[in-house]
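A quick write-up on the structure given underneath.
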Number of protein chains: 2
Amino acid sequence: MNVIEADSVSLDDETGAERFDRIYCELRDRICLLTYPPGTVLSETKLAKEFGISRTPIRRVFHRLEFMGLVQIKNGVGTMVTDIDLKTFKQIYDLRKRLAEMMGELSPVEITSEHIETIDGLIERAQALADHKGAFDELARIANDLQRLLSDLTGNAPLREMIELMYYRVARIWYTFLPQFGWDKAHSGQLNELGEIRAAMVDSDIRSVGHYRSIDLQRMLTQLGRLLVEP
Amino acid sequence: MNVIEADSVSLDDETGAERFDRIYCELRDRICLLTYPPGTVLSETKLAKEFGISRTPIRRVFHRLEFMGLVQIKNGVGTMVTDIDLKTFKQIYDLRKRLAEMMGELSPVEITSEHIETIDGLIERAQALADHKGAFDELARIANDLQRLLSDLTGNAPLREMIELMYYRVARIWYTFLPQFGWDKAHSGQLNELGEIRAAMVDSDIRSVGHYRSIDLQRMLTQLGRLLVEP
DNA sequence: TAAAATCAACCTGTATACAGGCTGCGCAAT
DNA sequence: ATTGCGCAGCCTGTATACAGGTTGATTTTA
């Protein structure tokens with residue numbers, strides 16, 4: 001009971017902007033983690049009821065998600081989670097590779113011990129998955145958190161916004177392909193990237209951080225291409 | 001009277017989405033062409049009256065403009081046209097230089113005779129300004145149209161979106177500085193860029209188009225730096 | 001039976017009343 | 001004269017009724 005009370009009190013305290021962010025992040029994550037897979041129809045009314053508010057603020061969130069490219073709003077039909085064709089997927093990955101390289105070149109920030117601790121935490125979480133074959137959802141969450149860490153290391157604010165935008169636009173598609181790679185490959189691949197990036201971070205070499213990130217995006221594309229050709 | 005009738009008929013025919021785009025572009029251009037200079041407070045109610053609609057669709061436009069970084073919405077205060085500090089301005093220009101280079105490298109499109117005709121039209125308009133000292137607004141409109149042409153030449157759709165986003169985010173600031181450069185420098189500079197880009201286009205060399213664009217953005221930064229140091 | 005019209009049930013879009021936040025003016029107390 | 005309070009008038013935020021669009025099942029008709 002106390003927990004519930006404390007929870008509702010903290011919810012009452014939040015401003016309109018904070019609530020907007022909370023609901024926006026919640027829905028974004030549901031889309032990116034495939035709680036709402038591509039094609040899902042979202043209803044303003046139902047979500048308004050779920051969050052205990054009216055349609056108006058939900059509509060605002062929907063329009064932002066549409067701007068991010070995560071949903072498509074159709075009058076009279078509904079708001080649907082978008083899918084991405086392979087051509088666009090590759091275009092975004094090509095772009096992300098370049099943006100990753102730029103991360104270390106445009107106004108880089110100083111790497112602190114906090115950053116190192118954060119990535120150490122991610123590595124620990126990834127290593128802990130060795131005995132949990134098939135925990136793709138935790139793998140995706142770690143990828144989310146790694147992206148957040150890399151955002152912190154991107155000093156050029158507009159560049160950071162774009163990198164995030166492109167990340168969230170394809171995250172769910174990447175997540176869709178993940179199981180097809182097989183658990184071992186996906187798991188070891190993530191551990192590998194985390195290790196490379198950590199090494200670059202302890203050297204305070206943001207340029208290398210971006211470089212490894214770029215390489216890993218290319219690796220993803222290559223593996224995907226192999227997957228699409230062979231079977 | 002007939003004109004008014006025809007006008008109102010065409011307005012009645014447009015869908016909600018078309019009206020949204022029309023009003024969005026209208027307000028965006030008013031901001032970029034300094035009809036609403038930075039700091040201007042926009043009122044939902046007044047604009048709703050001006051366009052003959054209710055606050056709701058205007059709010060949608062406002063939220064999009066906020067996402068584009070052109071306005072800031074403050075509860076209880078109003079919706080204000082944003083200003084940009086010099087640090088952010090430089091960050092965006094650094095980013096735009098890189099994006100311009102990428103334009104020719106990521107999935108370039110084929111240059112058609114239509115594209116050539118378009119830039120020839122722009123060059124004509126710019127040359128026609130030789131006898132109109134101080135027509136900075138037409139200079140800005142030509143720059144807008146050039147940006148639109150370059151968008152057409154950008155095959156990578158997400159990259160195109162980003163280039164446009166960053167263009168509109170700083171366009172009004174660039175326009176603010178323009179008169180300080182002096183008419184002759186601003187005018188000849190634009191003619192120069194148009195000529196360079198046209199030459200690259202007739203060679204079907206999009207890579208060079210992007211390169212010249214990048215160079216011109218750097219030139220702008222250099223001139224601005226000189227302006228900020230000397231006086 | 002097959003095709004066409006109908007309509008009910010859902011969706012988003014719009015208008016509007018009301019709630020809540022911010023600012024600055026004016027008045028009162030010190 | 002100055003400081004503080006209160007409130008009017010503006011703003012955006014929210015809830016909600018209604019308008020308009022879309023779809024698909026159902027009924028009607030040839």
Side-chain angles (χ1 to χ4, degrees), chain A residues 8-27 30-31 36-83, chain B residues 8-27 30-31 36-83:
Chain A
S8 60
V9 165
S10 72
L11 285 184
D12 288 350
D13 281 353
E14 77 180 348
T15 68
E18 286 164 350
R19 189 181 64 180
F20 173 82
D21 280 341
R22 180 172 56 86
I23 296 177
Y24 166 71
C25 290
E26 174 65 29
L27 293 187
R30 287 185 190 178
I31 292 172
Y36 299 143
T40 305
V41 177
L42 307 179
S43 161
E44 295 176 354
T45 311
K46 287 177 187 170
L47 284 171
K49 276 180 189 167
E50 177 188 334
F51 290 104
I53 55 180
S54 78
R55 282 176 55 210
T56 309
I58 295 288
R59 281 177 62 75
R60 214 173 116 196
V61 173
F62 275 18
H63 283 116
R64 172 129 184 204
L65 289 171
E66 185 182 39
F67 197 82
M68 294 280 289
L70 298 187
V71 302
Q72 182 181 12
I73 304 175
K74 282 189 183 178
N75 186 2
V77 181
T79 298
M80 283 147 299
V81 177
T82 54
D83 203 348
Chain B
S8 59
V9 165
S10 72
L11 285 182
D12 288 350
D13 280 352
E14 76 179 351
T15 68
E18 287 165 350
R19 188 180 66 183
F20 172 82
D21 280 341
R22 179 172 55 88
I23 295 178
Y24 165 71
C25 289
E26 174 65 30
L27 292 187
R30 287 185 190 176
I31 293 173
Y36 299 144
T40 305
V41 177
L42 306 180
S43 160
E44 294 177 355
T45 311
K46 287 177 187 170
L47 283 171
K49 277 181 189 165
E50 176 188 336
F51 289 103
I53 54 180
S54 79
R55 281 177 55 208
T56 307
I58 295 289
R59 279 177 63 76
R60 215 173 115 197
V61 172
F62 274 20
H63 282 116
R64 173 130 183 201
L65 289 171
E66 186 182 37
F67 198 82
M68 295 280 290
L70 298 187
V71 303
Q72 183 180 13
I73 303 176
K74 283 190 182 177
N75 187 3
V77 181
T79 298
M80 283 147 296
V81 177
T82 53
D83 204 347

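Naming convention: chains lettered A, B, ... in sequence-line order (proteins, then strands); numbering from 1 in each chain.
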Touch class at under 4.0 angstrom, heavy-atom based, for Arg60(A) against every strand present: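 Arg60(A): backbone/sugar contact only, no base atoms under 4.0 Å.
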
Touch class at under 4.0 angstrom, heavy-atom based, for Ile58(B) against every strand present: nothing

Salt-bridge present (Glu26(B), Arg30(B); N to O < 4.0 Å): yes

Minimal non-hydrogen separation, Ile73(A) against Glu66(A), with atom names: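 In terms of heavy atoms, the two residues are closest at N-OE2, 3.4 Å.
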
Does any non-hydrogen side-chain atom of [Y] lie less than 4.5 Å from one of [X]?
| X | Y | result |
| --- | --- | --- |
| Arg64(A) | His63(B) | no |
| Leu27(A) | Leu47(A) | yes |
| Glu14(B) | Arg22(B) | yes |
| Met68(B) | Phe67(A) | yes |
| Phe51(A) | Val61(A) | no |
| Val71(A) | Tyr36(A) | no |

Segment of DNA chain D, first to last nucleotide, that comes within the 4.0 Å heavy-atom reach of chain A: dT14(D) to dT22(D)

For atom CZ of Phe20(A) and atom C1' of dG21(C), their distance in whole Å: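 About 19 Å, once rounded to whole Å.
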
Ile53(A) CD1 - dG20(C) P separation (whole Å): 16 Å

Stretch residues 72-81 of chain B: residues that reach within less than 4.0 Å of DNA chain D through a heavy atom: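 Under 4.0 Å from DNA chain D: Ile73(B), Lys74(B), Asn75(B), Gly76(B), Val77(B), Gly78(B), Thr79(B).
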
